[in-house]
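Structure first, then comments.
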Amino acid sequence: MHVDPDPIGAGRDPEFLERVTPLLDVYTKWYRPDVRGFESLPAVGEPFLLAGNHNGGATPPDLPILLTAWWRERGYEEPVYGLFHSFFLSLPGVGTVMSKTGALDANPVDAERALRAGAPVVVYPGGDHEAFRPWSARDTIDFAGRKGFVRLALRTGVPIVPVTACGVQDSIMVLSRGESLVRWMPWLKPMRVKVMPIVLGAPTGLSLGWPTVPMPTRSIVQLGEPIDHGYGPDAADDDGVVDNLYEKVVSTMQATMASLRRELRG
């Protein structure tokens, strides 16, 4: 079956992906990931929305871990796209390179365009709020009530595939998200930065959001069964339907997280 590797013309380049995979492996192997569940995904050529919990603070490895495993399992041609913070993509030289990997600005227009073109899309709804969740809450799924991904799935009629990562957040010791600190930094508001986390780690000891050296860890990433909601596009405007589907996704992922944690402890 022939698949267009970039049906929306965003710059995705399978040959580039194949070249950079060995470099990404150097990074992802630090987390000793075990990525499972590809057999549960819809067939290549079918659109679906993957919603995952975000981990790792300022240098989140979630997409590199997932996508390097994905490319090996399902090939480089399948046009899977990942949503990224616009500030990150706007950094000099970053956006052009990231577009080759399938990166899209995290906005509903681009995400919907990709889904309607028949492509899978990966989103981490919790963003920096979840990536900097405190050590005591590292096994908590925390999307901060952000339900835009649910409305997107309803509007486009695609299933939601929960992606639960356990153990990645063990690599970073967050003491506080620092949400009260960021209120005193109004210049960060245009960049949509909502946290100024206090992190304990090398090389500085204490960090205010800048990257620390990740601690060694072992992680499991579980791709869940697709959640087929069965509603039409009008349901995207029904708060009751949106709330129920959001809770179903979160509760499913939380149960998976508990199971994966037990396995890692064993």
Side-chain angles (χ1 to χ4, degrees), residues 37 40-42 46-56 60 62-63 66 80-89 103-117 119-134 137-166 168-169 177 179 182 189 191-195 197 221-258:
S40 70
L41 296 183
E46 296 182 20
F48 50 99
L49 183 65
L50 300 102
N53 59 305
H54 215 14
N55 305 274
D62 297 306
L63 266 175
L66 174 61
V80 56
Y81 294 96
L83 302 186
F84 282 77
H85 197 293
S86 56
F87 172 71
F88 177 72
L89 295 181
L104 297 177
D105 184 30
N107 67 69
V109 175
D110 286 349
E112 183 169 338
R113 191 160 60 99
L115 289 169
R116 293 196 183 281
V121 173
V122 185
V123 61
Y124 292 95
D128 54 2
H129 175 88
E130 188 171 43
F132 283 106
R133 63 192 184 278
R138 64 192 186 280
D139 288 342
T140 300
I141 304 299
D142 189 354
F143 290 167
R146 299 169 185 171
K147 301 169 185 173
F149 75 99
V150 175
R151 297 186 191 277
L152 175 64
L154 290 168
R155 193 164 55 248
T156 55
V158 302
I160 298 173
V161 173
V163 183
T164 309
C166 182
V168 178
Q169 195 71 359
R177 284 192 180 96
E179 291 161 312
V182 81
K189 190 173 182 180
M191 295 184 284
R192 296 175 12 207
V193 174
K194 298 180 176 63
V195 299
V221 178
Q222 179 69 55
L223 295 161
E225 294 288 336
I227 298 174
D228 289 302
H229 44 77
Y231 291 98
D234 291 344
D237 299 317
D238 186 323
D239 289 344
V241 171
V242 171
D243 289 348
N244 287 338
L245 187 52
Y246 174 86
E247 291 301 329
K248 182 175 183 178
V249 173
V250 172
S251 62
T252 297
M253 294 178 66
Q254 193 62 67
T256 302
M257 177 72 84

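Numbers here simply count residues along the sequence, with the first being 1.
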Rounded to the nearest 0.5 Å, how far does [atom2] of [Y] lie from [atom1] of [X]?
{"X": "F84", "Y": "L104", "atom1": "CZ", "atom2": "CG", "answer": "9.5 Å"}
{"X": "L115", "Y": "T156", "atom1": "CG", "atom2": "OG1", "answer": "4.5 Å"}
{"X": "Q254", "Y": "E247", "atom1": "CD", "atom2": "CD", "answer": "11.0 Å"}
{"X": "I227", "Y": "T252", "atom1": "CD1", "atom2": "OG1", "answer": "4.5 Å"}

For the pair F143 and F149, name the ring-plane relationship: parallel under 30°, tilted 30 to 60°, perpendicular over 60°.
perpendicular

Any donor and acceptor pair, going by atom type alone, linking the side chain of [X] with main-chain N or O of [Y] inside 3.5 Å?
{"X": "H229", "Y": "V158", "result": "yes"}
{"X": "D228", "Y": "G230", "result": "no"}
{"X": "N107", "Y": "V109", "result": "yes"}
{"X": "Y81", "Y": "A111", "result": "no"}
{"X": "R146", "Y": "P125", "result": "yes"}
{"X": "Q222", "Y": "A165", "result": "no"}

Using the rule given for side-chain contact (heavy atoms from CB on, under 4.5 Å), can you reason through D238 versus Y231, listing the C-alpha separation, both sets of side-chain angles and the distance that settles it, and then say yes or no?
CA-CA 10 Å; D238 186 323; Y231 291 98; over 6 Å; no

Please find the pair of heavy atoms, one from [X] and one from [Y], that lie closest to each other, and give the distance.
{"X": "H129", "Y": "A144", "answer": "CD2-CB, 3.5 Å"}
{"X": "P226", "Y": "S40", "answer": "CD-O, 3.3 Å"}
{"X": "N53", "Y": "M257", "answer": "ND2-CE, 3.6 Å"}
{"X": "V242", "Y": "A236", "answer": "CG2-O, 3.8 Å"}
{"X": "G145", "Y": "Y246", "answer": "N-OH, 3.0 Å"}
{"X": "G224", "Y": "V161", "answer": "O-CG1, 3.5 Å"}

Can I141 and E130 be said to form a side-chain contact (heavy atoms from CB on, under 4.5 Å), step by step?
CA-CA 8 Å; I141 304 299; E130 188 171 43; 4.1 Å; yes

How about V163 and M253: do any of their side-chain heavy atoms sit closer than 4.5 Å?
no

Check: L223 and L50 side chains under 4.5 Å, non-hydrogen atoms
yes

Intermediate values then yes/no, side-chain contact (heavy atoms from CB on, under 4.5 Å), R155 and R116:
CA-CA 10 Å; R155 193 164 55 248; R116 293 196 183 281; 4.2 Å; yes

Does the distance from a Lys or Arg side-chain N to an Asp or Glu carboxylate O, for R151 and D239, drop under 4.0 Å?
yes

Which of D128, N55, D139 passes side chain to side chain donor-acceptor pair (under 3.5 Å) with R133? Answer is N55

